[in-house]
Amino acid sequence: MKIAVIGASGNVGTRIVDEALRRGHNLVAIARDAGKIAQRTGVTVVAADVKDATSLASAIKGADVVVSSGRFTSFGAADLLPAVKAAGVKRLAIVGGAGSLEIAPGIALIDTPEFPEEYKPEAAGGRDFLNALRGEQQLEWTFLSPSALFIAGERTGQFRLGQDQLLVGADGKSWISYEDFAVALLDELEQPKHVRTRFTVGY
């Protein structure tokens with residue numbers, strides 16, 4: 001499979017590229033600063049900005065799926081979706097956020113008093129992006145939300161999947177490593193089970 005990864009130089013993007021290469025896929029690694037992406041066999045490095053629909057469409061053309069791991073404060077669905085469609089790519093996977101996950105029926109994590117103020121702009125952008133996708137019928141999209149704590153860790157391959165509710169472990173913690181998030185995402189790309197829907201991953 002040919003996978004185009006937007007934001008390939010970031011914490012999550014680098015793990016997605018690593019996991020995809022581990023599985024033998026071909027990669028187009030996209031970042032605004034291509035110099036931040038290591039040159040490796042099986043990876044084509046391209047400099048492009050999501051805000052520039054023409055250059056982005058050119059970068060992702062021919063891919064089987066586009067994975068976006070960029071920040072929601074940097075761009076929205078109105079920036080990305082037209083470029084994906086213009087490139088003729090049907091499948092789109094979004095690295096989402098945990099803020100839009102529910103902790104109780106109708107109550108999202110972002111709307112709780114405990115949610116850190118400094119993370120609200122990014123979390124709100126993620127929720128807006130998801131809401132935009134829910135009205136999208138042309139693309140085969142998937143939105144994967146991490147758990148509340150999303151950090152560097154180990155690739156264990158042992159995790160749980162959920163839908164719209166925040167996953168909390170028996171120890172009361174809600175977390176997932178970048179590495180296992182990448183495993184869950186590549187599993188979905190290889191064997192799609194969450195088309196035009198959101199799902200979440202956690203321990």
Side-chain angles (χ1 to χ4, degrees), residues 1-23 25-100 116 118-133 136 139-146 150-152 176-179 181-182 184-186 188-189 198:
M1 194 183 332
K2 186 176 181 179
I3 304 170
V5 181
I6 298 168
S9 62
N11 286 326
V12 188
T14 54
R15 270 73 170 193
I16 292 170
V17 170
D18 288 345
E19 182 65 25
L21 284 176
R22 180 189 186 117
R23 300 183 187 212
H25 298 292
N26 292 317
L27 277 294
V28 178
I30 301 166
R32 280 179 292 187
D33 183 356
K36 293 182 178 180
I37 303 173
Q39 298 283 348
R40 288 188 281 177
T41 301
V43 180
T44 300
V45 178
V46 180
D49 191 326
V50 179
K51 290 282 191 178
D52 184 343
T54 301
S55 68
L56 182 62
S58 176
I60 64 179
K61 190 174 182 64
D64 297 300
V65 59
V66 172
V67 176
S68 175
S69 64
R71 295 182 63 82
F72 296 114
T73 49
S74 299
F75 63 90
D79 300 306
L80 180 59
L81 302 191
V84 176
K85 292 175 183 177
V89 181
K90 293 297 183 184
R91 296 183 65 199
L92 172 66
I94 303 294
V95 175
S100 57
E118 63 267 30
Y119 297 141
K120 282 190 175 179
E122 178 68 14
R127 179 162 60 180
D128 290 344
F129 204 113
L130 176 59
N131 287 335
L133 284 175
E136 172 58 47
L139 298 174
E140 296 175 5
W141 61 269
T142 298
F143 190 100
L144 177 54
S145 286
F150 194 22
I151 56 174
I176 190 71
S177 70
Y178 297 141
E179 290 77 6
F181 180 95
L185 183 64
L186 265 294
E188 175 66 23
L189 297 187
R198 181 258 292 279

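Heavy atoms only: backbone and side chains are in, while hydrogens, waters and symmetry mates are out.
- The nearest pair of heavy atoms linking A8 to V5 is CB-O, 3.6 Å.
- A salt bridge links E19 and R23; the closest N-O separation between the charged side-chain nitrogens and carboxylate oxygens is under 4.0 Å.
- R198 places no side-chain N or O within donor-acceptor distance of the main-chain N or O of G96, the cut-off being under 3.5 Å.
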Would N11 and F150 satisfy side chain to side chain contact (heavy atoms under 4.5 Å, CB included), going step by step from the backbone distance to the final call?
CA-CA 10 Å; N11 286 326; F150 194 22; over 6 Å; no
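- Taking the six-membered ring for Trp and thresholds of 30 and 60 degrees, F143 and F72 have nearly parallel ring planes, at less than 30 degrees apart.
- Here the CG atom belonging to L185 is positioned 14.0 Å from the CZ atom belonging to R15, to the nearest 0.5 angstrom.
- The two atoms that bring K36 and S9 nearest to each other are CB-CB, 3.7 Å, heavy atoms only.
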Given the rule in the side chain to side chain contact (heavy atoms under 4.5 Å, CB included) test, do T41 and L21 qualify, once you have shown the distances and angles that lead to the verdict?
CA-CA 9 Å; T41 301; L21 284 176; over 6 Å; no
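- In this structure, the side chains of D49 and L56 stay at 4.5 Å or more apart for every pair of heavy atoms.
- When all heavy atoms of A57 and A83 are compared, the closest pair comes out as CB-O, 3.6 Å.
- Looking at heavy atoms from C-beta onward, L27 lies out of side-chain contact with R40 at the 4.5 angstrom threshold.
- Side chain of S177 to main chain of I151: no donor-acceptor pair is present (N/O by atom type, distance under 3.5 Å, no hydrogens or angles).
- Of all heavy-atom pairs between A29 and I37, the closest is O-CD1, 3.7 Å.
- Looking at S69, its side chain does come within 3.5 Å of a backbone N or O of G7 through a donor-acceptor pair.
- I60 contributes atom CD1, which lies 7.0 Å from atom CG of L80 (distance to the nearest 0.5 angstrom).
- The heavy-atom pair separating R91 from E188 by the smallest distance is NH2-O, 3.6 Å.
- With rounding to the nearest 0.5 Å, the separation of CG in D64 from NE2 in H25 is 9.5 Å.
- Remark: side-chain polar atoms of R127 are not paired, donor with acceptor, to backbone N or O of A123 under 3.5 angstrom.
- In this structure, CD1 in I176 is found 12.5 Å from OG in S145, a value given to the nearest 0.5 Å.
- Shown here for L139 and L81, the closest heavy-atom pair between the two residues is CD1-CD2, 3.9 Å.
- For K85, the salt bridge (charged side-chain N to carboxylate O under 4.0 Å, His left out) partners two or more places apart in sequence, or in a different chain, are E136.
- Remark: S55 pairs with D52 by the side chain to side chain donor-acceptor pair (under 3.5 Å) rule, at least two apart or across chains.
- Taking CD1 from I94 and CH2 from W141, the interatomic distance works out to 9.5 Å, rounded to the nearest 0.5 Å.
- Among residues two or more places apart in sequence or in another chain, the side chain to side chain donor-acceptor pair (under 3.5 Å) test is passed with R32 by none.
- Within the 3.5 Å criterion, the main-chain N or O of K90 finds no donor-acceptor partner in the side chain of E140.
- Within the model, atoms OG of S74 and CD1 of I6 stand 12.0 Å from one another, a figure rounded to the nearest 0.5 Å.
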